[in-house]
There are 2 protein chains.
Amino acid sequence: MMLSDIEIAQKAELKPITEIGASIGIPAEDLENYGPYKAKVSLKLTRELENKPMGHLILVTAISPTPAGEGKTTTTVGLGQALAQLGKKAMICLREPSLGPCMGIKGGAAGGGYSQVVPMEDINLHFTGDLHAITAANNLLAAMVDNHIQQGNALGIDPRRVVWKRVEDMNDRVLRHIVVGLGGHANGVPREDGFDITVASEVMAILCLADSIRDMKERFARIIVGYTYDNKPVTAGDIHAQGAMAALMKDALKPNLVQTLEHVPAFIHGGPFANIAHGCNSVLATRTALHLADYVVTEAGFGADLGAEKFLDIKCRFAGLKPDAAVLVATIRALKMNGGKAKNELTESDPEAVKRGLPNLLRHISNLKKYGLPIVVALNMFPSDTAEEKKVIEDACAEAGVPVAESTVFTDGGRGGLDLGRKVLAAVDKGSAYKPLYDLSLSLKEKIETIAKEIYGAGTVQYDSAAEKELKHIEDMGFGNVPVCIAKTPASFSDDPAKLGAPSGFTLHVREVKISAGAGFVVVLTGKVMTMPGLPKHPAAERIDVDDEGHITGLF
Amino acid sequence: MMLSDIEIAQKAELKPITEIGASIGIPAEDLENYGPYKAKVSLKLTRELENKPMGHLILVTAISPTPAGEGKTTTTVGLGQALAQLGKKAMICLREPSLGPCMGIKGGAAGGGYSQVVPMEDINLHFTGDLHAITAANNLLAAMVDNHIQQGNALGIDPRRVVWKRVEDMNDRVLRHIVVGLGGHANGVPREDGFDITVASEVMAILCLADSIRDMKERFARIIVGYTYDNKPVTAGDIHAQGAMAALMKDALKPNLVQTLEHVPAFIHGGPFANIAHGCNSVLATRTALHLADYVVTEAGFGADLGAEKFLDIKCRFAGLKPDAAVLVATIRALKMNGGKAKNELTESDPEAVKRGLPNLLRHISNLKKYGLPIVVALNMFPSDTAEEKKVIEDACAEAGVPVAESTVFTDGGRGGLDLGRKVLAAVDKGSAYKPLYDLSLSLKEKIETIAKEIYGAGTVQYDSAAEKELKHIEDMGFGNVPVCIAKTPASFSDDPAKLGAPSGFTLHVREVKISAGAGFVVVLTGKVMTMPGLPKHPAAERIDVDDEGHITGLF
């Protein structure tokens, strides 16, 4: 019987974080310890490293996710461990998990089995306080906006058009739609409002794109918090909030160092949504890791149509990064689901269902090729997978000219990823011809349509009239030259979660558009995106416990 | 020209926190570092010390506060430094500041001048994350309550009678009165609600009274979150939230170690309101300090009528602590204000105004005597104070049989508190005959009336009918035997902030009563208590900034 993730994590013998830092050349004085096994890296070090050569960057992405799961984070951690076992100086860069969802259904988010980052409980709960700092900075700005309106409203902010929402790192559905400012004139100006979960805050996206405190502060100043009665944007800079916000975020900007179960150093830093934001860990962590290690393995949210697209068109472009290879994670179970098989029948061998699911894998492969990246398919193995099913995938990948490697990193740790590691090293050696998909000089609509047609396979794009109008407004405000960040269901290439496989020729509906002027992209919503989750009938929180020694149970 | 607090703090040469810990016998392995200058002390150490002998406990309290300020925290820090200069093994125990008010008017709260705890910016901003953990635990419980109602409401909670509010560590007036759960049936059950500031949470009061994770968890389970349609209390235990709340709070329970500008070790841990809660730092920090040091100097919120009363009747009683002496801080300026002098005339010498203000000082002295404590008056000196004014106070104290010492710890650090230190040591040597003011076996009304008459000087107590009814309800629920925690304006002994000096014979109005079943006291409100502050027209946040090196300005 295999142990649970938290049991494996708690049995692990961790090395002091200073030792992990030393193993990749971080001097002890540049580590700010948070207990013995977590540390922040000083911004001084990130600056000193800036002119050092950079290692190779490997993106781990996945086919369209299904409830069956693909194991993207586990593969990322396992691949990093495998590269270390192969004698390479390797690092891992991951997003930091949100506390809220740990209390709901999801449990932790720090890899799984023998490919986890540790200390698992700390990473999943408060970690080094980054998300709390984001909450504070976000909500300080919100309080200052409402205070400005209350104290005479010199800027003429229309209370009906405040777009800056409050956030909380908790799944709390009753805060989605609220009315604030009730109770009489001493208690503010009443208006409709709502809370998002913290990771949905533009402050999170900014943390992940900023390269210094100054850059972060300038981005904060550009955040649009609302509009005046005559439709002029009002920014956080107009409210004079950027300095205090940056003061609250000065430590959050420092990358967090932890280790994997096999003592491979890992930065876990920043975790923006992969729909309304770009879904990757921080630029500062990735760049610093590339200066410290020869191979850096990182991941991006959801499937490759969302996560990899944004990693390649937003993050790498902004950060001047040149990725060297992409690993596309697939599972036989998820391909069977994409092939129309029911969730409760996935342990039956069914090569035909795998075959029917293949177009999803192949579409992601051909998409990634458009960015000029060498690709390796990682087949994340489960006990019920059969040789016949595997052969379907191997044949298809051979035909597509893409190497495929089995991965058993969940049960075997780095050892289970040695074949994958070797194939990734070979792919890196082939060299990358990375380029983004589209030019920033295109109009916003042209950019949207390029992604919709080239990546999603859409035939046409249709715009709701409000979205049409807002696109023009955004271009009129001078933000036409930024990347677009499309929010779409991850379950399908289309905007209809029921369309599995590789649908094409469909119409993509753009329902809403908004500018994240601080992050520096236009968010394009193709459906309702839930930015504040709810708790299930029996939340995970009911089962979480801690004993008198501080030993946590039930987190996963 | 004297430097500002933040300038002094930033010029300070700090010692590594491991060195500070070693100076009072804390082994390095029992310190969990948060950067080089902050650490949490392991709960293992707090348990191991439990049977060690205890040092002397000195409470610093004050006359009724005025806008002129008394310098209670500064005196506490300065006295600790003075005792160290006198060769004593001394420690300081303070409350941790709330981040929200730093962004409003108040600036930091870590002492002042040359009697500060450092690193000042960290202590005032996120520190070690305790307040964020409280916010998370509090709001998890709130989300679970609303989720329970949404998911079938098996317990029959009346949505109109949910008493557990959400919290945020921010001054945000529009959140005082809100309506949540709007937007249709998927978004919860609509109801009136509101946010308090985090320090007002019962979770904070519990953190400060719990002696172990188990005790904290049991207290969480007892929290009353609302009432059923048939008026039965519903607890956090009924919602199964206590385990996850305790998991979120497991590190917050560990005392935080920092140092003063003169390297005296200080625990800064917990900071509940001094009106709706008991206003003292954590029991665990105070007890641990008493096991480590020979003299522990601590403070309590507001003036002695509120802070000292609760310290002596709630904290010391619950924690089995025996305080050895009380220091009563007074300033000539505040006594002049209590004597009716206008705020803008305080720099004029006016011995008659001091004389008119004396009854306030004398009432606090005679109150403290009722607890059997030796008392020293600390006269916190300002440049405008004159010898004639000082003599008024010295004569009055001589007549009351209480030693008085000048303190210049703000400008001189510990050296400015040597006379105070010597007098405190002499007072401690006299021995204390501490006993709480009232027996827990009295009825709730008898307890309220004892405090009102003995401490405040009230003639009678009047109860609003709802308060009268709730007192009976609380006794019917079985909570008649707990201490009472009276929320009253700190500006006056009475419930009318305009009545300065030492009013007597007045009627104290009890407007509202509620049970904090987890903390273990009944809160008695004698007026409107603001549990969510607002920002001023020009919040301090507008002036706070940080440069690229992480150097913060404008925090004070």
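First the proteins, then the strands, lettered A, B, ... as listed; each starts at 1.
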Residue pair [X] / [Y]: nearest heavy atoms and the distance that separates them:
{"X": "A/Ala541", "Y": "B/Leu140", "value": "CB-CD1, 4.0 Å"}
{"X": "A/Ala143", "Y": "B/Asn171", "value": "CB-O, 3.6 Å"}
{"X": "A/Ile552", "Y": "B/Ala247", "value": "CD1-CB, 4.0 Å"}
{"X": "B/Gln151", "Y": "A/Leu535", "value": "NE2-O, 3.1 Å"}

Would you say that [X] contacts [Y] through its side chain, given a criterion of any heavy-atom pair below 4.5 Å between the two side chains?
{"X": "A/Val179", "Y": "B/Leu182", "answer": "yes"}
{"X": "B/Val189", "Y": "A/Val174", "answer": "no"}
{"X": "A/Met249", "Y": "B/Val546", "answer": "no"}
{"X": "A/Leu175", "Y": "B/Arg166", "answer": "yes"}

Just how far is it from atom [atom1] of [X] to atom [atom2] of [Y], taken to the nearest 0.5 Å?
{"X": "B/Asp547", "Y": "A/Ser212", "atom1": "CG", "atom2": "OG", "value": "11.0 Å"}
{"X": "B/Asn139", "Y": "A/Asp172", "atom1": "CG", "atom2": "CG", "value": "7.5 Å"}
{"X": "B/Ile213", "Y": "A/His551", "atom1": "CD1", "atom2": "NE2", "value": "11.5 Å"}

Worksheet item: Between B/Asn187 and A/Arg176, does any side-chain donor sit less than 3.5 Å from a side-chain acceptor?
Response: yes
Worksheet item: Would one find more than 12 heavy atoms of other residues, nucleotides or ligands at under 6.0 Å from atom CD of A/Glu192?
Response: no
Worksheet item: Would A/Glu549 and B/Lys250 pass as an ion pair if we require N to O under 4.0 Å?
Response: no
Worksheet item: Who are the side chain to side chain donor-acceptor pair (under 3.5 Å) partners of A/Glu29, not counting sequence neighbours?
Response: none
Worksheet item: So which part of A/Met170 gets closer than 4.5 Å to some heavy atom of chain B, the side chain, the backbone, both or neither?
Response: side chain
Worksheet entry | Which atoms of A/Leu253 approach chain B - backbone, side chain, both or neither, heavy atom under 4.5 Å | neither
Leading residue by heavy atom contact count with chain A [cutoff under 4.5 Å; candidates [options]]:
{"options": "B/Ala136, B/Ala142, B/Gly534", "result": "B/Ala136"}
{"options": "B/Gly194, B/Gly550, B/Gly100", "result": "B/Gly550"}
{"options": "B/Glu32, B/His177, B/Arg47", "result": "B/His177"}

Practice prompt. Using atom types as modelled and distance alone, determine if a side-chain donor or acceptor of B/Glu542 lies under 3.5 Å from a backbone N or O of A/Ala244.
Written response: no
Worksheet item: Hey, does the side chain of B/His126 reach the backbone of A/Leu248 with a donor-acceptor pair shorter than 3.5 angstrom?
Response: yes
Worksheet item: Partners of A/Arg214 by salt bridge (Lys or Arg N to Asp or Glu O under 4.0 Å), sequence neighbours excluded?
Response: B/Asp548
